[in-house]
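Not measured: the values here are computed from a predicted model. Here is the naming used below: chain letters follow the sequence lines, and residue numbers restart at 1 for every chain.
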Number of protein chains: 2
Amino acid sequence: MTAQSTDEACCTDTHRSDVCCADGHFLSEEAVATDVETLSALGNETRYEALRLIAAAEDGICVCDLEPELGVSQSAVSQALSRLFGSGLVERRKEGRWRYYTATPRAEALLRVLDETR
Amino acid sequence: MTAQSTDEACCTDTHRSDVCCADGHFLSEEAVATDVETLSALGNETRYEALRLIAAAEDGICVCDLEPELGVSQSAVSQALSRLFGSGLVERRKEGRWRYYTATPRAEALLRVLDETR
DNA sequence: GTTTTATATTAGTGTATTCTAATATTAGCA
DNA sequence: TGCTAATATTAGAATACACTAATATAAAAC
């Protein structure tokens, strides 16, 4: 049944929905869900570009600055930021009537890898 | 109009759809498209788990080994691998009647960062 | 307190995604 | 030459997504 050319050291007896990762240990269902959420949150042009702009702004950037750059409605920008926040890619702080967004270390690491491997 | 708390060293005069990245230079439209394609390709449970399995198998793994692990139809597995290949996350080689898939350096780097920052 | 400005939420719509079932292709084997 | 096994392709259906327009909230300014 198996067509593996070499022996299969790992993953043949994997419990369904637990997944094997590169160095031989297992990934919990929760970790998979977290990663997939992270990746799909970033896998959209509006959100990706929003995060790029946020990561480029040293002290955070507010929604009103993002809106003209992204070329979609204010509502769409707000929804994009909300999703980025929900998936742990940005932090936000309130200052007066503005909300400033900053990128999390995870987000910065991901952008760095994308740049380094493109 | 702008509500930036500090001066904005970068990105105020961004050409539409060219995006500013973390260290101050610009990202081409093409680079954005590439990254978004990469991220959305991985932002799906079936494809993410397929890539994890591929990355865990030293010498590549064939579709027939992936199918029982992923719990979707053979057609869905084939479509998943096709998309991963198309977005540069896996390579494939033909050997007899099997096709072996391996992860690209970009894919491995992304998985590593996800593991390190989760 | 009313108005204005920044952001969030909701509802609805068009489009894209992801799967299954069926069929096609391709390569080894009898 | 057929037959079987591995993978790919296509078509169609259910569901998820991303947006806009309209409305709500919340804080400053007047």
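- Within the helix from dG1(C)-dC30(D) to dA30(C)-dT1(D), the inter-axis angle between the opening and closing five-pair segments is 20°, rounded to 10°.
- The salt bridge (Lys or Arg N to Asp or Glu O under 4.0 Å) test applied to Arg83(A) returns Glu37(A), not counting sequence neighbours.
- Looking only at distances, a side-chain donor or acceptor of Thr38(B) sits under 3.5 Å from a matching main-chain atom of Thr34(B).
- Spacing between atom CD of Glu95(A) and atom C1' of dA26(D) amounts to 16 Å, rounded to whole angstrom units.
- Using a 4.0 Å heavy-atom distance criterion, Phe85(B) is classed as making no nucleic acid contact.
- Non-hydrogen atoms lying under 4.0 Å from DNA chain C are contributed by Ser75(B), Ala76(B), Gln79(B), Arg83(B), all within residues 74-83 of chain B.
- Residue Trp98(A) contributes atom CH2, which lies 17 Å from atom P of dT4(C) at whole-angstrom precision.
- The side-chain heavy atoms of Leu81(B) and Arg99(B), taken from C-beta on, include no pair separated by under 4.5 Å.
- Remark: Asn44(A) is not in phosphate contact with dC17(D), judged by side-chain N or O atoms under 4.0 Å from OP1 or OP2.
- Of the charged side-chain nitrogens involved, at least one lies within less than 4.0 Å of a carboxylate oxygen, so that Arg106(A) and Asp35(A) count as a salt-bridged pair.
- Rounded to whole Å, atom P of dT18(C) lies 14 Å from atom CD of Glu49(B).
- Here dT26(C) presents its P atom at 7 Å from NZ of Lys94(B), a figure rounded to the nearest Å.
- Regarding Leu70(B), its CG atom lies at a distance of 15 Å from the C1' atom of dT20(C), rounded to whole Å.
- For the side chain to side chain donor-acceptor pair (under 3.5 Å) test, residues two or more places apart in sequence or in another chain that qualify with Ser75(A) are Gln79(A).
- In terms of the side chain to side chain donor-acceptor pair (under 3.5 Å) criterion, Arg112(B) has no residue partners (sequence neighbours excluded).
- Note: CG (Leu39(B)) to C1' (dC17(D)) measures 17 Å, nearest angstrom.
- Note: CZ (Arg97(A)) to C1' (dA6(C)) measures 7 Å, nearest angstrom.
- By the side chain to side chain donor-acceptor pair (under 3.5 Å) test, Arg92(B) pairs with Tyr101(B), sequence neighbours left out.
- In this model, the phosphate group of dA8(D) is approached by a side-chain N or O of Arg92(B) to a distance below 4.0 Å at OP1 or OP2.
- Phosphate contact (OP1/OP2 of dA8(C), side-chain N/O of Arg99(A), threshold under 4.0 Å): present.
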Derivation and outcome, salt bridge (Lys or Arg N to Asp or Glu O under 4.0 Å), residues Arg93(A) and Glu95(A): CA-CA 6 Å; Arg93(A) 84 189 117 92; Glu95(A) 215 167 279; 2.7 Å; yes
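- In this structure, the side chains of Tyr48(B) and Leu39(A) come closer than 4.5 Å at one or more pairs of heavy atoms.
- Atoms CD (Glu45(B)) and P (dA16(D)) sit 13 Å apart, rounded to a whole Å.
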